[in-house]
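Okay, structure first, notes after.
Here, residue 1 is the first one in the sequence, and each next residue gets the next number. Just so you know, ligand 1 is whichever comes first in the structure, and atom 1 is the first atom listed for that ligand.
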Amino acid sequence: MTDEKRNVLVIGGSRGIGAAIVQRFAEAGDRVTFSYAGSADAAAALQKNTGAVAIRSDAADREAVVALVKSRGKLDVLVINAGALVLGNPLDLDADAVDRMIDLNVRAPYHAAVEAARTMGDGGRIVMIGSVNGDRMPFEGGAAYALTKSAMQGMARGLARDFGGRNITVNVVQPGPTDTDMNPGDGPMSDFMHGFMAIKRHVRPMEVAGMVAWLAGPDAGAVTGAMHTIDGGFGA
Ligand code: NDP
């Protein structure tokens, strides 16, 4: 990679961890595009504040996500952040909601990564946002979510092998409880979550963004096919 502005795409960047990642790359002077599905106001505000380009595109739709990646040309960095969390007793969960989560958390990252790698140059970086639940699922009701984040691990390991010959790295960042709309730091589940953690607070979205930035930076060129957990010790 050179010192020129990098072409960065963040899939699912309007809120939470994705918005922090957009902000972090924009602050570094990169050319950033991010996608979103529903939060038009948040996307517009982030676009205004960071200079990043917002594009509405449903990441759960394979054709849409492939078209989005294609539309950004030769990427230097692809971050796949969009994800859903469906929790509950598997005997009661809506099967369609589970399948939609699998579309978004598993199928989309795979197809987006493959599409990006078609044109990515030497030194390209692919980072997926997984979860510590890919490693550890210590409470009931998380089987379907955990399966999506474990699937991401296998995907990243395999794609790292497939694209390593071109010095493209593929990594997973695995947050633990992180303070976002999905899992508010002051929400009803907070004390329960902190009970599993060594550092008893939610992770901050900017802390996750810092790890993503490192993986996309010059010191991480030999880091690939690996899981990078940032979870306050949730998985320890
Ligand atoms: P939020 O729900 O706060 O934000 C999700 C982001 O993804 C939003 O910008 C949302 O955009 C976007 N998004 C959701 N669905 C789609 C879609 N179909 N197409 C395009 N964009 C979409 O989630 P978090 O920031 O908390 O989570 C981000 C990632 O981190 C997820 O993959 C999640 O599984 C993972 N994670 C989160 C943890 C946490 O505790 N918060 C812990 C471990 C992992 P919009 O609103 O516009 O639809």
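Across V170, V79, V212, a single residue satisfies side chain to side chain contact (heavy atoms under 4.5 Å, CB included) together with M128, and that is V170. The residue from N183, T178, D179 that alone fulfils the side chain to side chain donor-acceptor pair (under 3.5 Å) condition with H202 is N183.
Y110 OH: 12 or fewer foreign heavy atoms inside a 6.0 Å radius. Crowding of R161 atom CZ: a count of heavy atoms from other residues, nucleotides or ligands under 6.0 Å not exceeding 12. Heavy-atom contacts from other residues, nucleotides or ligands closer than 6.0 Å to CG of D94 number more than 12. Shown here is K74, whose NZ atom has no more than 12 heavy atoms of other residues, nucleotides or ligands within 6.0 Å.
Within the structure, the closest approach of L85 to ligand 1 does not fall below 4.0 Å when heavy atoms are considered. Ligand 1 has no atom lying under 4.0 Å from any heavy atom of P205. Under a 4.0 angstrom heavy-atom cut-off, G130 registers as being in contact with ligand 1. Heavy atoms of F34 come nearer than 4.0 angstrom to ligand 1 in no pair at all. For K149, the closest heavy-atom approach to ligand 1 falls below 4.0 Å. Within the structure, ligand 1 has G176 among the residues with a heavy atom less than 4.0 angstrom away. Ligand 1 has no atom lying under 4.0 Å from any heavy atom of A84.
In the vicinity of D181, heavy-atom distances shorter than 4.0 Å reach the ligand 1 atoms 3 (O). Short contacts between ligand 1 and P177, defined as distances under 4.0 Å to a heavy atom of the residue, involve ligand atoms 40 (O). Short contacts between ligand 1 and G16, defined as distances under 4.0 Å to a heavy atom of the residue, involve ligand atoms 25 (O).
Of the polar atoms of G18, none of the N or O atoms is found under 3.5 Å from an N or O of ligand 1, judged by distance alone. Considering backbone and side-chain N/O atoms, G38 comes within less than 3.5 Å of an N/O atom of ligand 1. Between N105 and ligand 1, a contact under 3.5 Å exists for no N or O pair. Residue L104 has no nitrogen or oxygen atom sitting less than 3.5 Å from a nitrogen or oxygen atom of ligand 1, judged on distance alone. For T180, a nitrogen or oxygen atom sits less than 3.5 Å from a nitrogen or oxygen atom of ligand 1, counting backbone and side chain alike. The distance criterion of under 3.5 Å between nitrogen or oxygen atoms is not met by Y36 with respect to ligand 1. Inclusion of N81 in the set of residues having an N or O under 3.5 Å from an N or O of ligand 1 is warranted.
I129 CG2, 3.3 Å is the protein heavy atom nearest to atom 30 (O) of ligand 1. Looking only at heavy atoms of the protein, atom 36 (N) of ligand 1 is closest to Y145 OH, 3.6 Å. Among all protein heavy atoms, the one lying closest to atom 20 (C) of ligand 1 is S57 O, 3.4 Å.
Contacts with ligand 1 closer than 4.0 Å are made by heavy atoms of both the backbone and the side chain of S39. Residue-level proximity to ligand 1 for A43 is absent, since no heavy atom of it falls below 4.0 angstrom. Residue contacts with ligand 1, taken as heavy atom pairs separated by less than 4.0 Å, do not involve Q174 at all.
The minimum heavy-atom distance linking G142 with L87 is given by the pair CA-CD2, 3.8 Å.
Within the 4.5 Å cutoff, the side chain of R125 has no heavy atoms near those of the L215 side chain. Between M206 and Q23, the closest side-chain pair of non-hydrogen atoms falls below 4.5 Å. You'll find the side chain of Q174 reaches within 4.5 Å of the side chain of D135, heavy atoms only.
Distance check: I11 CD1 to T33 OG1 gives 11.0 Å after rounding to the nearest 0.5 Å. Within the model, atoms CE of M193 and CG of D231 stand 12.0 Å from one another, a figure rounded to the nearest 0.5 Å.
Using cut-offs of 30° and 60° on the angle between ring planes, the pair W214 and H228 is perpendicular.
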